[in-house]
2 protein chains.
Amino acid sequence: MPKSEENPDHREASGVEDTVLGNLIGYRMKRAYMQIQPEAQRVLAEDDLRVVSFSCLSIITDNPGIVQSELAEALQMERSNLVVVIDELEDRGLIARKKVPTDRRRYALTATLRGRRLRDRAALRVRQVEDAVVGCLDAEDRARLMAVLERLEARRAR
Amino acid sequence: MPKSEENPDHREASGVEDTVLGNLIGYRMKRAYMQIQPEAQRVLAEDDLRVVSFSCLSIITDNPGIVQSELAEALQMERSNLVVVIDELEDRGLIARKKVPTDRRRYALTATLRGRRLRDRAALRVRQVEDAVVGCLDAEDRARLMAVLERLEARRAR
DNA sequence: TATTGTTATACTCTATAACTATA
DNA sequence: TATAGTTATAGAGTATAACAATA
């Protein structure tokens, strides 16, 4: 019976046997992510933000003048799906669209003061719920996790 | 200007500034996961499997006689969403449903020989694409990553 | 001709409520 | 009364094609 070297067969807490799935990084990553995502979603919802709108607001705040194509590329999402998100942020007065004089196809996006403040507050609260979830890791484990995740992501240019 | 201790402000490869989002574990985890997931999806599709059907087939293979409620719980999904997946695996002759004599509400699920063989082959191929993605990590980093992800997941019982 | 923002649309995934048959 | 499996459905999230305005 083939056993994996790094994680021998074991019964999960639930009592369900799992020789294969649990040794796949994708599976483990999704399940770990699912510990964090609903918590982040919940606190962001208290400010009427979705994860995607918080992400947009955050990138716009840090990159005043960014245009929608660039934002879509930064967040790895489709331009078309960005439109409604940007519409809503603008309607709520959190960001502003300004036509770029030198290229009138493009809209320069900037966060308003309200937008920047909301971003800062929301980021703090997301950080707090992450701290709670990740509380079982010490600072070193956490830093190492972040570094490894960044390296996996950087692999994209292959 | 507040800077994070563990990851100072920096320009991403794309040239987009990112003071906040990039320091959130949830964001990093999602982006790292997105390096693996499409690759896994692609190789599984070659065997006409989705990630969820592979996961079901895998758990059923390792747990002959498991019933749908237990499977749903193990994979943290809704019973109702499991039905079509199980239907398809059964139609393809990869698993069998057998009424449990002692409780005729329940179906005992078992993988057929074909199902077990497909699972083993698919698992190997998923493992290969994961190895390719994660090739930038040495064995120790990889083992540590898996261990940390497991600890985050285990936090569920809080 | 190519690109930006936009609209419409479709497809997947997930969540909920309600039904049936059994217990 | 509660549970297992099922159905239908609605809501997200995501992907694609096509269009108008502009380069």
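Below, read A as the first sequence line, B as the second, and so on, with proteins coming before strands; counting in each chain starts at 1.
- Salt bridge status for A:Arg144 with A:Asp138: absent, with no side-chain N to carboxylate O gap under 4.0 Å.
- In terms of phosphate contacts, B:Lys30 brings no side-chain nitrogen or oxygen within less than 4.0 Å of OP1 or OP2 of D:dG13.
- Taking a 4.0 Å limit (strictly below) on heavy-atom distances, residues 79-97 of chain B reaches DNA chain D at B:Arg79, B:Ser80, B:Val83, B:Arg97.
- No side-chain heavy atom of B:Val52 sits less than 4.5 Å from a side-chain heavy atom of B:Asn81.
- For A:Lys99, the NZ atom sits in a packed shell: over 12 heavy atoms of surrounding residues, nucleotides or ligands are nearer than 6.0 Å.
- If you measure from atom CD of A:Gln37 to atom P of C:dC13, you get 16 Å, rounded to the nearest angstrom.
- Across the protein-nucleic acid pair, A:Glu78 atom CD and D:dG13 atom C1' stand 12 Å apart, rounded to whole Å.
- Atoms CG (B:Leu75) and P (C:dC13) sit 14 Å apart, rounded to a whole Å.
- Rounded to whole angstrom, the span from the CG atom of A:Leu71 across to the C1' atom of C:dT3 amounts to 17 Å.
- In this structure, B:Leu152 and A:Leu137 have side chains that are in contact, with non-hydrogen atoms separated by less than 4.5 Å.
- Residues A:Thr112 and A:Ile95 fail the side-chain proximity criterion, which asks for heavy atoms closer than 4.5 Å.
- Within the structure, a side-chain polar atom (N or O) of A:Gln68 is placed less than 4.0 Å from OP1 or OP2 of C:dT6.
- Rounded to whole angstrom, the span from the CE atom of B:Met34 across to the C1' atom of D:dG13 amounts to 11 Å.
- For the contact set between residues 99-107 of chain A and DNA chain C, defined by any heavy atom under 4.0 Å, the members are A:Arg105, A:Arg106, A:Tyr107.
- Spacing between atom OH of A:Tyr33 and atom P of C:dC13 amounts to 16 Å, rounded to whole angstrom units.
- A salt bridge links B:Arg142 to B:Asp131: at least one charged side-chain nitrogen sits closer than 4.0 Å to a carboxylate oxygen.
- Taking atom CG of residue A:Leu49 and atom C1' of nucleotide D:dG13, one finds them 17 Å apart after rounding to whole Å.
- One distance of note links CZ of B:Arg151 with CE of B:Met146; it measures 14.5 Å at 0.5 Å rounding.
- Note on B:Arg42 versus B:Glu39: salt bridge recorded, some NZ/NE/NH1/NH2 to OD/OE distance being below 4.0 Å.
- Within the structure, every side-chain polar atom (N or O) of B:Gln76 is placed at least 4.0 Å from both OP1 and OP2 of C:dT14.
- Among pairs with a residue in residues 56-67 of chain A, those fulfilling salt bridge (charged side-chain N to carboxylate O under 4.0 Å, His left out) read A:Asp62-A:Arg119, at least two apart in sequence or across chains.
- B:Val67 comes within 4.0 angstrom of the backbone, heavy atoms only, and of no base.
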